[in-house]
**Q** 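First the structure, then my questions, so here it is.
Counting starts at 1 for both ligands and their atoms, following the listed order. Small disclaimer: the values here were computed from a predicted structure and weren't measured.
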Amino acid sequence: MEQKSGPIGVFDSGYGGLTVFKELVKELSQYDYIYLGDNARVPYGIRSFETVYQYTLECVNHLFEKGCSLIILACNTASAKALRNIQQKDLPKGPALRRVLGVIRPTTEIIGELSKSGHVGIFATMGTVNSESYVIEANKFFPQVKVYQEACPMWVPLVENNEHHSPGADYFVKKHIEQLLQQSADIDTIILACTHYPLLMDKIREFLPPHVQLVSQGHIVAHSLADYLQRHPEIEALCSKGGRKEYFTTESVTDFNKKAAFFLGKEVGSQLLNL
Ligand code: DGL
């Protein structure tokens, strides 16, 4: 049976992936999209490898059921802990032309071009840091680049609770900047390797020495996807066009609609996905 075209699926543990989604829609506006936030089970960053894999796989399967052939895991934690298993174990069981891509590879593919000193800092969740995915992947593309990691477990709750602009956020932002920069005086670039963190951009900038550049991933992932679709016309043909967008959440629709506005700059109408 011929595979039908469908929207591009964008998945995150909660709202964070909207920072990637926004850039995808900006750069690749011709496609249809479905966003799915697993708000009922966020945060993923503190969960075990097995749990993140199970949760992510479940959500990926829901997106396949909704007609997606291409899914972006717009979540570093899911990309670090679930992507490989899904690509190697689960995808081969389904139709040939289904793809799931993550956000770590597009970022590490260009990591060496971002830094002059070759010393790059990463702010991420505990799960992403412990997986060492950034260190391993960066080493494949740019063996000369040294990656320093800092886990910031309080940053996602700050963002999810809309406290990221508050004076209370200062303590946790300063603390992690200091701890990361203590690892090397040569760090000239820091990557926000958690999709929630771009909302803390202004706050981080306040406390970061001016010579250190701060990089968020959304536009990197969007460029990389544009390139991927050009190189894979068979997958591109399965991405439906029309610019339609649907939003699904596994928790309260009212909360999602309200909070998504912090990330997207406008209210959206979401639908409940019962897991
Ligand atoms: N947005 C997720 C990421 O990029 C982290 C949020 C969470 O802990 O679930 O890693």
**Q** Identify which one of K241, R99, R231 satisfies the salt bridge (Lys or Arg N to Asp or Glu O under 4.0 Å) criterion when paired with E236.
**A** K241
**Q** Looking at T77, which atoms of ligand 1 are within less than 4.0 Å of one of its heavy atoms?
**A**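 In order of number, 3 (C), 5 (C), 10 (O).
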**Q** What protein heavy atom lies closest to atom 1 (N) of ligand 1? Include the residue and the distance to one decimal.
**A** T195 OG1, 2.7 Å
**Q** May I ask you to decide if the ring planes of H176 and W155 are parallel, tilted or perpendicular, using 30° and 60° as cut-offs?
**A**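 Perpendicular, since the angle between the ring planes exceeds 60°.
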**Q** With heavy atoms of V156 as the reference, note each atom of ligand 1 found under 4.0 Å away.
**A**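 This gives 6 (C) as the contact atoms.
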**Q** Check each atom of ligand 1 against the heavy atoms of Y44 and keep those under 4.0 Å away; list them by number with element.
**A** 7 (C), 8 (O), 9 (O)
**Q** Run L199 and Y15 through side chain to side chain contact (heavy atoms under 4.5 Å, CB included) and show every step you take.
**A** CA-CA 11 Å; L199 271 84; Y15 301 106; over 6 Å; no
**Q** Go through ligand 1 atom by atom and flag the ones less than 4.0 Å from a non-hydrogen atom of H196.
**A**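 Contacts of ligand 1 toward H196, numbered from 1: 1 (N), 6 (C).
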**Q** Do T250 and D38 have a side chain donor and acceptor closer than 3.5 Å?
**A** yes
**Q** Assign the ring pair F263 / H196 to parallel, tilted or perpendicular, where the plane angle (0 to 90°) is split at 30° and 60°.
**A**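 Perpendicular, since the angle between the ring planes exceeds 60°.
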**Q** Is the Lys NZ or Arg CZ of R98 less than 6.0 Å from the centre of F64's six-membered ring, within 45° of the axis?
**A** yes
**Q** Considering heavy atoms of the protein only, find what lies nearest to atom 2 (C) of ligand 1 and give residue, atom and distance to 0.1 Å.
**A** C75 SG, 3.4 Å
**Q** D12 versus ligand 1: do any nitrogen or oxygen atoms come within less than 3.5 Å of each other?
**A**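 So ligand 1 has an N or O lying under 3.5 Å from an N or O of D12.
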**Q** Identify the closest protein heavy atom to atom 3 (C) of ligand 1: which residue and atom is it, and at what distance?
**A**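 So the nearest neighbour among protein heavy atoms is N76 N, 3.3 Å.
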**Q** Going by the atom numbers of ligand 1, which of them fall below 4.0 Å from some non-hydrogen atom of T125?
**A**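 Counting atoms of ligand 1 from 1, those under 4.0 Å from T125 are 5 (C), 8 (O), 10 (O).
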**Q** Classify the angle between the aromatic ring planes of Y247 and Y35 as parallel (below 30°), tilted (30 to 60°) or perpendicular (above 60°).
**A** tilted
**Q** Heavy-atom contact under 4.0 Å between C194 and ligand 1?
**A** yes
**Q** Can you confirm whether more than 12 heavy atoms, excluding those of R84, are under 6.0 Å from its CZ atom?
**A** no
**Q** Is the ring pair Y44/F11 parallel, tilted or perpendicular, if the boundaries are 30 and 60 degrees?
**A**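 The rings of Y44 and F11 sit tilted, inter-plane angle from 30° to 60°.
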**Q** For atom 6 (C) of ligand 1, grab the closest protein heavy atom and report residue, atom and distance to one decimal in Å.
**A** S13 OG, 3.4 Å
**Q** Taking 4.0 angstrom as the limit and counting only heavy atoms of V42, give me the atoms of ligand 1 inside it, by number and element.
**A** 9 (O)
**Q** For atom 8 (O) of ligand 1, grab the closest protein heavy atom and report residue, atom and distance to one decimal in Å.
**A**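 Sorting protein heavy atoms by distance from atom 8 (O) of ligand 1 puts G45 N, 2.8 Å first.
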